[in-house]
Amino acid sequence: RPMARAFWKDFSAALAVTVVGAALAWILSGGLPPIGIDDAAITRSYAENLARGAGYVYNVGGERVEGSTTLLWALILTSAYLVTPTPEFIILSFCGLLTFSAVYASFRLLRLLADSLNSSGDVAVGVAVITLLASPGYFVWGVWSMMELALWSATVIWLLLHLVIQIERAGTARLRPALALPALALPLIRPEGVAVAFGLIGLATLLAPAFRRQGVVALALALVSFGAVTAFRVIYFGKPFPNTFYAKVSSDTMQGLADGLKYLASFLLGAPFVEILIVGWAAAVGWCVFRLPDHAPGSRGLVVVAAAVFGFLAVYTVLGGDHFALWRFYAPIIPLLSVPAALFAALTLPYLVGERVAIYYATLLPAIAALFATGWLHYYQARFDIRKEYTLVERGLGFGHFLSGFKPLQSIGVGPAGGIALAYDGHIYDLLGLNWTEMAHANPVKVGMRNHASFDKPTFWAHQPDVIATFNVFCLEGTQRFGMRAAASPLDAFAGLFYERRFQEEYVP
């Protein structure tokens, strides 16, 4: 009944937080064009080709290759392209709706846990509102990037919500659609979704014997979904995983783990207050484990949510991390990071009386102001790294339209492969391998720029594109040399190709 009475509170709060958070993300970044980032443009190019009947391909008439990582999101975007050839507004609106869904589910989850602990759900949700508004990065990834992140975040949090309902409320004996759908969807959204679904559902099954039958069925659904999508990939693409996996993940496990640990450390030490929130989660887990033998209300549900937080940190550490600003891989769990702090406030506030209440409210507003200032300033400082992802799309679109004016259409080699694919119908060689199978598999051990270290010179010269589209770099004025880093730099994704004599003889800026 408390959950039912608070429905409109949580709905209104989630809607307001999503609208304000999206506006903050846009304003503090200096304004973002409604085109998404370059990786999102790659997925859009696959969706456009599917809608045109060309198949799941990067180049129309070219090889079947899955360079978009997220099969379900590509299919969803295909439906948008079936409606209109310019679906940007539809995609952004759907991203906003999914982000709202994730925020709303996190508020309901928090209220459920607070109710199980006999504490104030309003206080807990209030803390979550404040921490989310101090995190514009969640909304730039969820609403403005056009990536699958909002779908990924919403599906994980809805799964958690209904797992906790089953654990804490002893739900029905049959498997509800609210649990079945996330179990089926997670392996389709991202390949690691099967690990997320299997880990969370399996843990809930172990913690709650009454949930065992439903849990086994949900686990079976997740495995069936993963098996089906893997079989489809093998039959259609010839590989069991998306091509992005082979292009990004090094076969050197220790190297990947080292990169992942660096990524984790940068998140813990670089994102505002995250290290404090993670310590809070560690303390919450210890408290819950102490209470588990007594079947104390709220403990099992909190352990499952903690497994999602630490599971995400572990999975992307093993996979080697990412190079995007604001830790894209960890963004889906941002609404969950403040759960222990919110519950602590909800548990302790009723015990503050007299002068302690006055002190509490005297320090509350300055603390909120400091939280906002820190979170917004950190995001504002990252605005150049954020905007450059959109600039790549703008330049790719511009260069693609420009090159389309030359007949016959030339074959081109590119680094940023998203925006240009939406504007150019000639053959495109993705030199970083995300959308080119041969390049992705040329060197299993990836050495160089994280997630962009698949470039292989022999493969390049074997195909030798007519044009190299270097719209993301500049030429030094008065010379025919590119203004790039030194050839030995680990950030040179092309392994010094532009500095070699053969390249400079055969390609003229």
Side-chain angles (χ1 to χ4, degrees), residues 38 42 58-59 62-63 65 67 243-244 246-252 255 259 323 388-389 391-421 423-509:
D38 197 66
I42 290 176
Y58 180 68
N59 289 294
E63 65 169 339
V65 56
N243 191 62
T244 47
Y246 303 102
K248 292 182 177 183
V249 178
S250 176
S251 61
D252 186 339
Q255 174 198 341
D259 288 340
H323 69 284
K388 74 179 182 182
E389 302 297 337
T391 302
L392 290 177
V393 182
E394 291 177 318
R395 291 180 177 176
L397 290 169
F399 190 78
H401 288 305
F402 166 76
L403 205 60
S404 295
F406 295 89
K407 305 299 180 185
L409 296 178
Q410 307 293 297
S411 67
I412 60 175
V414 301
I420 196 167
Y424 187 64
D425 289 330
H427 190 87
I428 303 174
Y429 290 101
D430 180 357
L431 300 182
L432 302 181
L434 301 175
N435 305 283
W436 185 9
T437 303
E438 184 180 350
M439 185 66 79
H441 288 261
N443 290 314
V445 178
K446 313 300 179 184
V447 179
M449 184 178 180
R450 183 183 300 163
N451 286 349
H452 291 305
S454 282
F455 176 75
D456 178 67
K457 290 179 185 177
T459 304
F460 169 82
W461 288 116
H463 295 271
Q464 197 166 349
D466 298 321
V467 175
I468 306 301
T470 54
F471 52 83
N472 60 313
V473 299
F474 59 93
C475 294
L476 298 177
E477 188 173 353
T479 72
Q480 291 189 341
R481 294 289 298 239
F482 289 107
M484 300 184 68
R485 299 175 187 269
S489 170
L491 296 180
D492 181 5
F494 300 102
L497 175 73
F498 297 155
Y499 293 89
E500 294 185 356
R501 175 174 296 179
R502 180 183 176 184
F503 179 86
Q504 294 182 1
E505 288 175 351
E506 300 197 27
Y507 288 93
V508 180

Tell me whether [X] contacts the main-chain N or O of [Y] through its side chain, where contact means a donor paired with an acceptor under 3.5 Å.
| X | Y | result |
| --- | --- | --- |
| Asn243 | Gly433 | yes |
| Asp456 | Met439 | no |
| Gln504 | Arg502 | no |

So, for [X] and [Y], which heavy atoms are closest and what is the spacing to 0.1 Å?
| X | Y | value |
| --- | --- | --- |
| Leu397 | Gly419 | CD2-O, 3.3 Å |
| Ser404 | Ala423 | OG-O, 3.4 Å |
| Val414 | Ala469 | CG1-CB, 3.7 Å |
| Ala421 | Ala417 | CB-O, 3.5 Å |
| Leu409 | Phe406 | CD2-O, 3.6 Å |
| Gly426 | Asn59 | O-OD1, 3.8 Å |

Interatomic distance, [X] atom [atom1] to [Y] atom [atom2] [nearest 0.5 angstrom]:
| X | Y | atom1 | atom2 | result |
| --- | --- | --- | --- | --- |
| Ile428 | Asn435 | CD1 | CG | 9.0 Å |
| Asp466 | His427 | CG | NE2 | 10.5 Å |
| Leu497 | Leu431 | CG | CG | 8.0 Å |

With sequence neighbours left out, write down each residue that passes side chain to side chain contact (heavy atoms under 4.5 Å, CB included) with Arg501, or none if nothing qualifies.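 Counting only residues at least two positions away or on another chain, Arg501 forms a side chain to side chain contact (heavy atoms under 4.5 Å, CB included) with Glu505.
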
Would you call the rings of Phe503 and Tyr507 parallel, tilted or perpendicular, where under 30° means parallel and over 60° means perpendicular?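 Phe503 vs Tyr507 ring planes: parallel.
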
Evaluate the ring planes of Phe494 and Phe455, with Trp represented by its six-membered ring, and classify them as parallel (under 30°), tilted (30 to 60°) or perpendicular (over 60°).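 Phe494 vs Phe455 ring planes: perpendicular.
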
Taking only residues two or more places apart in sequence or in another chain, which ones pass ring pair (Phe, Tyr, Trp, His ring centres under 6.0 Å) with His463?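 Per chain and number, His463 pairs via ring pair (Phe, Tyr, Trp, His ring centres under 6.0 Å) with Tyr429, Trp436.
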
My understanding is that only residues two or more places apart in sequence, or in another chain, count here; which of them pass ring pair (Phe, Tyr, Trp, His ring centres under 6.0 Å) with Tyr58?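 In terms of ring pair (Phe, Tyr, Trp, His ring centres under 6.0 Å), with neighbours along the sequence ignored, Tyr58 is linked to no residue.
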
Under the side-chain contact (heavy atoms from CB on, under 4.5 Å) criterion, do Gln464 and Glu506 qualify, and how do the steps go? CA-CA 10 Å; Gln464 197 166 349; Glu506 300 197 27; 2.4 Å; yes

Would you say [X] and [Y] make side-chain contact, with heavy atoms under 4.5 Å?
| X | Y | result |
| --- | --- | --- |
| Ile468 | Phe498 | yes |
| Ile412 | Ile420 | yes |
| Phe460 | Pro465 | yes |

Side chain to side chain contact (heavy atoms under 4.5 Å, CB included) partner of Leu392, chosen from Glu394, Arg395, Lys388, Glu389: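 Option passing the side chain to side chain contact (heavy atoms under 4.5 Å, CB included) with Leu392: Glu389.
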
Applying side-chain contact (heavy atoms from CB on, under 4.5 Å) to Ser454 and Leu432, what does each step give before you reach the verdict? CA-CA 5 Å; Ser454 282; Leu432 302 181; 5.9 Å; no

